[in-house]
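So the structure is just underneath, and the comments pick up after that.
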Amino acid sequence: MSFDRDKMIAMCNAFSKNTLMETLQIEFVDAGEDFLQATMPVNSGVHQPMGLLHGGASVALAESVGSAASMLFVNNEVSEIRGIEISANHLKAKREGIVTGTARIIHKGRSIHLWEIRITDEAGTLISLCKLTNMVLPKRKL
């Protein structure tokens, strides 16, 4: 099966409806065979009290894009993804504009996926560097 970029982006945006991703205005914008990319606006809705991008919002972007990326590698009819560990280093402050989270696979095992997520600003400056570990589980019957 060949990779269909537009289909993958549409699928990721569709499953974001009525979730935290929609609340934070996270939009999936690009995909490839080894990466997934999403944007998030930086405004008062994601600020901490000092008027800067909240580290938790950055982590939410990182986990959203990394978990969605893992979903692209599994058969969603029989498997589901759970984030089991995330770490973040916040390197630069941001007050307004857009940040982009790009998840790239480091390790793709049968049961564990490890992702590096780089959050950058419009100029490509690194804002946060995150690492996410996802577990691939058999899908539970409802």
Item to check | Side chains of V59 and I86 in contact at under 4.5 Å (non-hydrogen atoms) | outcome: yes
The reported gap from CD in E80 to CG in N75 (rounded to nearest 0.5 angstrom) is 12.0 Å
Practice prompt. Verify, without hydrogens or angle tests, whether K94 (side chain) and D121 (backbone) share a donor-acceptor contact under 3.5 angstrom.
Written response: no
Interatomic distance, NZ@K131 vs CD1@I117, rounded to 0.5 Å, equals 10.5 Å
*Heavy-atom donor-acceptor pair, T19 side chain to F15 backbone, under 3.5 Å*: no
Q. With side chains defined as the heavy atoms from C-beta onward, is the minimum distance between L137 and R82 less than 4.5 Å?
A. yes
Item checked: V99/T120 under side-chain contact (heavy atoms from CB on, under 4.5 Å): CA gap, chis, key distance, verdict -> CA-CA 5 Å; V99 289; T120 58; over 6 Å; no
Taken to the nearest 0.5 Å, the spacing of I98 CD1 from Q25 CD works out to 8.5 Å
Heavy atoms of G83 and N134 approach each other most closely as CA-OD1, 3.2 Å
For this session: Answer whether the closest heavy-atom distance between the side chains of K139 and V78 falls below 4.5 Å.
Result: no
Run N76 and M71 through side-chain contact (heavy atoms from CB on, under 4.5 Å) and show every step you take. CA-CA 7 Å; N76 292 299; M71 290 178 60; 3.8 Å; yes
C12 and L36 have their tightest heavy-atom pair at SG-CD2, 4.0 Å
Review point. Heavy-atom distance under 4.5 Å between the side chains of F35 and D30, does that happen here?
Key: yes
Does a side-chain heavy-atom distance below 4.5 Å link V42 with R95? no
Residue pairs meeting side-chain hydrogen bond (donor to acceptor under 3.5 Å, both in side chains), one or both in residues 35-61, sequence neighbours left out, come to Q37-T102
Extract all donor-acceptor atom pairs below 3.5 Å that involve side chains of residues 103-112 and protein atoms in other chains or at least two apart in sequence.
none

Nearest heavy-atom approach of L61 to T100 is CD2-C, 4.4 Å
side-chain contact (heavy atoms from CB on, under 4.5 Å) between I127 and L91, intermediate numbers included
CA-CA 5 Å; I127 302 298; L91 305 170; over 6 Å; no
dist E85:CD -> E63:CD (nearest 0.5 Å) comes out at 9.5 Å
Nearest heavy-atom contact between A31 and R5 is O-CG, 3.6 Å
Output for pair (F28 CZ, S64 OG), nearest 0.5 Å, gives 6.0 Å
Would you call L126 and I119 a side-chain contact if the rule is heavy atoms closer than 4.5 Å?
-> no
- Walk me through it: do V74 and H113 pass the test side-chain contact (heavy atoms from CB on, under 4.5 Å)? CA-CA 11 Å; V74 301; H113 294 171; 4.0 Å; yes
Smallest heavy-atom separation, K17 atom then E22 atom, equals CD-OE2, 3.6 Å
Between L132 and A62 the two heavy atoms that sit nearest each other are CD2-O, 4.3 Å
task = Treating Ile, Leu, Val, Met, Phe, Trp and Tyr as nodes and any side-chain heavy-atom pair under 4.5 angstrom as an edge, say whether L53 and L24 lie in one connected cluster.
result = yes
Separation between CD (E27) and CD1 (I9), nearest 0.5 Å, reads 9.0 Å
**Prompt:** Do any N or O atoms from the side chain of S70 and from the backbone of S67 form a donor-acceptor pair under 3.5 angstrom?
**Reply:** no
| In one Ile/Leu/Val/Met/Phe/Trp/Tyr side-chain cluster, 4.5 Å: M11, F73 | yes
